[in-house]
*Asks:* 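What follows is a structure written as structure tokens; I'll ask about it next.
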Amino acid sequence: MVHGGAGALDNVKDDKTAFRYLEAIRRTLEHGRDVMELGGSALQAVEACASILEDDPVFNAGCGSVLNENGKVEMDAAIMDGRDLSAGAVAAVDNIANPVQLARLVMSESEHVMLISEGAMRFADHCSMERVPEDYFYTTDRVEQLRQARLQHKVMLDHDDSDADSEDQKYGTIGAIARDPLGNLAAATSTGGIVNKRMGRVGDSPIIGAGVYADNETCAVSATGFGEDFMRSVISKTISDFMYMKGMDAKQATEAGIEYLVRKVKGRGGVIVIDKDGNCSSGFTTKKMIHGWIEKSGETSCRF
Ligand code: GLY
């Protein structure tokens, strides 16, 4: 399963734009399926899928990341392997095309789970990860979004020019979760965060248990939404706990998780979930969430 953000998606006003999003989701899913068909693990599949979405400027991650109060990109990402709960995360990084790949290196090449900002960038250099120039990230849309947010003296959420408290917005993040033929689960989430956010603001995406979680005994989860809500409710781990402690399946645990998110923090956003038996589920409190899934048979479903 993959997602490309939640919200009202009022920017998807015509069939051409809708087709553009859904095609990106479909191609990403097919690539993930191909990775696993060639013997790749769920972990390799989610890293590959998240990287594709980071490379697509319509999504708020990687090259399409929104700009902070200083007109700079600060990205967050995480990846988790359900086999042994190993995880890697980076926060407030820049000049990296694929933060999810840096998160994977933190997991596999360091003794830590999370590195941030300058320390994360030094680690990227240590791993010989290529740096990209700043203009790699500056799309006309993102610069205009920041201009609007500054004019209105407010923090804005991705792809939106409306009131930040209204439903008419899109909470941009991308995510990928997978179960491979061996039954291993993995999850990855990556984002540019929020338009005009304070320098140093970190959202839920790189926080293990909030924006991402994977455990072979329960499920894989990736979240998209207003990060502060997801951090406070630790939503991904909460959904996993509903399975572990109450024996729920993907659909039941997703519904229980969304109910908890709304009741406790009036959470705005959504989740995609695959349980240990391969059942797929999604839930969101916004009007829409761009997401899709692909079955072993090759059947793809993409929707808002
Ligand atoms: N969910 C992405 C963020 O709030 O940064």
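Both ligands and their constituent atoms are indexed starting at 1 by order of listing.
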*Asks:* Do any N/O atoms on Gly193 end up under 3.5 angstrom from N/O atoms on ligand 1?
*Replies:* no
*Asks:* Tell me whether Asp76 has any N or O atom under 3.5 angstrom from an N or O of ligand 1.
*Replies:* no
*Asks:* So how far is it from Met129 CE to Leu102 CG, rounded to the nearest 0.5 Å?
*Replies:* 5.0 Å
*Asks:* Please table the atom pairs, donor to acceptor, closer than 3.5 Å between any side-chain atom in residues 76-92 and protein atoms at least two apart or in another chain.
*Replies:*
unit_1: Asp76; atom_1: OD1; unit_2: Ala92; atom_2: N; d: 3.0
unit_1: Asp76; atom_1: OD2; unit_2: Gly203; atom_2: N; d: 3.2
unit_1: Asp81; atom_1: OD1; unit_2: Arg83; atom_2: N; d: 3.0
unit_1: Asp81; atom_1: OD1; unit_2: Arg83; atom_2: NE; d: 3.1
unit_1: Asp81; atom_1: OD2; unit_2: Arg83; atom_2: NE; d: 3.1
unit_1: Asp81; atom_1: OD2; unit_2: Arg83; atom_2: NH2; d: 2.8
unit_1: Asp84; atom_1: OD1; unit_2: Ser86; atom_2: N; d: 3.0
unit_1: Asp84; atom_1: OD1; unit_2: Ser86; atom_2: OG; d: 2.7

*Asks:* Only pairs under 3.5 Å count here: list side-chain donor-acceptor contacts from residues 177-185, not counting sequence neighbours, and write none if there are none.
*Replies:*
unit_1: Arg179; atom_1: NE; unit_2: Lys276; atom_2: O; d: 2.8
unit_1: Arg179; atom_1: NH2; unit_2: Lys276; atom_2: O; d: 3.4
unit_1: Asp180; atom_1: OD1; unit_2: Leu182; atom_2: N; d: 3.0
unit_1: Asp180; atom_1: OD1; unit_2: Gly183; atom_2: N; d: 3.2
unit_1: Asp180; atom_1: OD1; unit_2: Asn184; atom_2: N; d: 3.0
unit_1: Asp180; atom_1: OD2; unit_2: Ala42; atom_2: N; d: 2.9
unit_1: Asn184; atom_1: OD1; unit_2: Asn216; atom_2: ND2; d: 2.8

*Asks:* Please determine whether any non-hydrogen atom of Arg201 lies less than 4.0 Å from an atom of ligand 1.
*Replies:*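 Right, Arg201 reaches ligand 1.
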*Asks:* When clusters are formed by joining ILVMFWY residues with side-chain heavy atoms under 4.5 Å apart, either directly or through shared neighbours, do Phe284 and Met1 land in the same one?
*Replies:* yes
*Asks:* Answer yes or no: does an N/O atom from Ile194 fall short of 3.5 Å to an N/O atom of ligand 1?
*Replies:* no
*Asks:* Pull out every atom of ligand 1 sitting under 4.0 Å from any heavy atom of Asp204, numbered as shown with elements.
*Replies:*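 Reading through ligand 1 atom by atom, the close ones are 1 (N), 2 (C), 3 (C), 4 (O).
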*Asks:* Would you say Thr224 contacts ligand 1, with heavy atoms under 4.0 Å as the rule?
*Replies:* no
*Asks:* Between Thr173 and Ser205, which heavy-atom pair has the shortest distance, and what is it?
*Replies:* CG2-OG, 3.7 Å
*Asks:* For ligand 1, which atoms sit closer than 4.0 Å to a heavy atom of Thr173?
*Replies:* 1 (N), 2 (C)
*Asks:* Under 4.0 Å from a heavy atom of Ser205: give me the atoms of ligand 1 that qualify, with their elements.
*Replies:*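 Answer for ligand 1: 1 (N), 2 (C).
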*Asks:* Does atom CD of Glu118 have more than 12 heavy-atom neighbours, drawn from other residues, nucleotides or ligands, at distances under 6.0 Å?
*Replies:* no
*Asks:* Which ligand 1 atoms, with their elements, are less than 4.0 angstrom from a heavy-atom of Gly225?
*Replies:* 1 (N), 2 (C), 3 (C), 4 (O)
*Asks:* How long is the gap from OG on Ser117 to CG on Asp94, to the nearest 0.5 Å?
*Replies:* 7.5 Å
